[in-house]
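Note on naming: letters A, B, ... go to the chains in the order of the sequence lines (proteins, then strands), and numbering restarts at 1 for each one.
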Amino acid sequence: GAVVSQHPSWVICKSGTSVKIECRSLDFQATTMFWYRQFPKQSLMLMATSNEGSKATYEQGVEKDKFLINHASLTLSTLTVTSAHPEDSSFYICSAEGGHQPQHFGDGTRLSIL
Amino acid sequence: DAKTTQPNSMESNEEEPVHLPCNHSTISGTDYIHWYRQLPSQGPEYVIHGLTSNVNNRMASLAIAEDRKSSTLILHRATLRDAAVYYCIRTPNAGGTSYGKLTFGQGTILTVHP
């Protein structure tokens with residue numbers, strides 16, 4: 001089945017640091033990638049949708065200057081949390097779809113800001 | 001808003017079949033029905049999806065009502081590893097090869113007893 005790899009699995013860093021999370025589709029070309037955030041005991045919330053070679057489309061209430069998304073190739077998208085603060089601590093999950101296949105998800109990145 | 005309704009929780013015994021219901025009474029003719037499941041601290045896992053006809057794969061079966069206002073995910077023999085949160089999601093037809101955004105509700109927490 002389709003495989004989406006997300007890296008790193010977890011990050012602990014100091015407040016004010018910028019953190020980059022990578023999402024790769026390993027065995028298919030991902031024309032669209034999605035970034036979600038999940039707080040404890042809550043469901044996934046879509047943050048943004050990115051199409052290869054285009055600017056990402058952000059959901060209402062998500063700061064595009066804080067959560068920088070790059071989707072430069074058909075197999076890689078990155079999410080950079082800039083100047084992260086404790087309230088940005090969360091579980092970040094990416095997904096990818098392509099070729100009329102359903103979305104497949106990465107295993108998530110646990111981000112803890114001290 | 002692509003809304004579905006699921007029970008908050010269900011329980012099953014190991015090796016018994018499980019029927020997880022989902023109501024999507026406002027579904028339109030081109031909306032797909034997707035099922036994902038999520039284990040703790042992992043990204044969602046694709047289970048199955050369908051449009052009108054019942055669907056089977058190695059993981060589960062999807063039974064879609066004739067009027068498409070409801071569907072049932074069937075796990076034929078539950079195992080302890082099937083314990084997860086199950087999400088039933090409608091995807092408005094985004095056109096082209098994309099199923100579009102996934103809007104996650106609270107899902108159904110499935111508990112499997114040994």
Side-chain angles (χ1 to χ4, degrees), chain A residues 1-7 9-10 21 23-25 28-52 54 56-60 62 74 79 90-112, chain B residues 1-9 22 30-51 55-60 62 64 71 73 81 84-110:
Chain A
V3 178
V4 175
S5 172
Q6 193 171 336
H7 179 80
S9 300
W10 54 270
I21 303 169
C23 180
R24 294 180 184 272
S25 58
F28 67 102
Q29 293 188 323
T31 49
T32 308
M33 286 186 166
F34 303 83
W35 288 95
Y36 296 80
R37 181 167 52 180
Q38 186 175 32
F39 291 107
K41 298 194 185 303
Q42 294 186 22
S43 193
L44 282 78
M45 293 292 293
L46 179 66
M47 298 175 68
T49 302
S50 75
N51 292 297
E52 184 262 340
S54 304
T57 302
Y58 290 80
E59 295 298 301
Q60 193 172 9
V62 178
L74 284 171
L79 168 68
S90 188
F91 190 47
Y92 292 86
I93 311 167
C94 73
S95 70
E97 69 169 13
H100 208 56
Q101 293 295 315
Q103 283 184 42
H104 289 272
F105 287 78
D107 280 337
T109 297
R110 177 83 50 200
L111 176 61
S112 296
Chain B
D1 191 28
K3 203 164 177 67
T4 63
T5 305
Q6 299 177 252
N8 290 333
S9 63
C22 179
T30 56
D31 291 355
Y32 282 82
I33 300 152
H34 293 247
W35 283 83
Y36 285 81
R37 69 182 185 183
Q38 186 180 25
L39 278 67
S41 299
Q42 293 187 25
E45 177 185 25
Y46 167 77
V47 179
I48 201 166
H49 77 287
L51 183 60
V55 185
N56 300 295
N57 66 20
R58 63 175 179 80
M59 289 182 70
L62 175 60
I64 302 172
S71 62
L73 179 70
R81 286 175 292 182
V85 181
Y86 285 77
Y87 297 100
C88 169
I89 302 169
R90 262 173 58 187
T91 57
N93 188 0
T97 59
S98 173
Y99 288 105
K101 299 192 292 189
L102 300 179
T103 301
F104 285 80
Q106 294 305 307
T108 296
I109 300 171
L110 176 65

S.K.: Looking at CG of B/Leu102 and CG of A/Leu46, how far apart are the two atoms once the value is rounded to the nearest 0.5 Å?
M.R.: 8.5 Å
S.K.: Only one of B/Trp35, B/Tyr36, B/Tyr32 clears side-chain contact (heavy atoms from CB on, under 4.5 Å) with A/Pro102; which?
M.R.: B/Tyr36
S.K.: Please name the pair of heavy atoms, one in B/Tyr87 and one in A/Leu44, separated by the smallest distance, quoted to 0.1 Å.
M.R.: OH-CD1, 4.4 Å
S.K.: NE2 of B/His49 to CD of A/Gln101: how many Å apart, nearest 0.5 Å?
M.R.: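 Rounded to the nearest 0.5 Å, the NE2-CD separation comes to 7.5 Å.
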S.K.: Are more than 12 heavy atoms from other residues, nucleotides or ligands located less than 6.0 Å from atom CE of A/Met45?
M.R.: no
S.K.: Is the shortest side-chain heavy-atom distance between B/Pro44 and A/Tyr36 below 4.5 Å?
M.R.: no
S.K.: Measuring heavy-atom distances to chain B, does A/Glu59 have an atom under 4.5 Å in its side chain, in its backbone, in both, or in neither?
M.R.: side chain
S.K.: Is it the backbone or the side chain of A/Ile93 that comes under 4.5 Å from a heavy atom of chain B, or both, or neither?
M.R.: side chain
S.K.: What residue pairs, at least two apart or across chains, pass salt bridge (Lys or Arg N to Asp or Glu O under 4.0 Å) with a residue in residues 30-45 of chain A?
M.R.: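 Listed once each, the pairs would be none.
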S.K.: Check whether any side-chain heavy atom of A/Gln38 sits under 4.5 Å from a side-chain heavy atom of B/Gln38, and report yes or no.
M.R.: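 The answer is yes; the side chains approach within 4.5 Å.
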S.K.: Counting only non-hydrogen atoms closer than 4.5 Å, does B/Glu45 touch chain A with its backbone (N, CA, C, O), its side chain (CB onward), both, or neither?
M.R.: neither
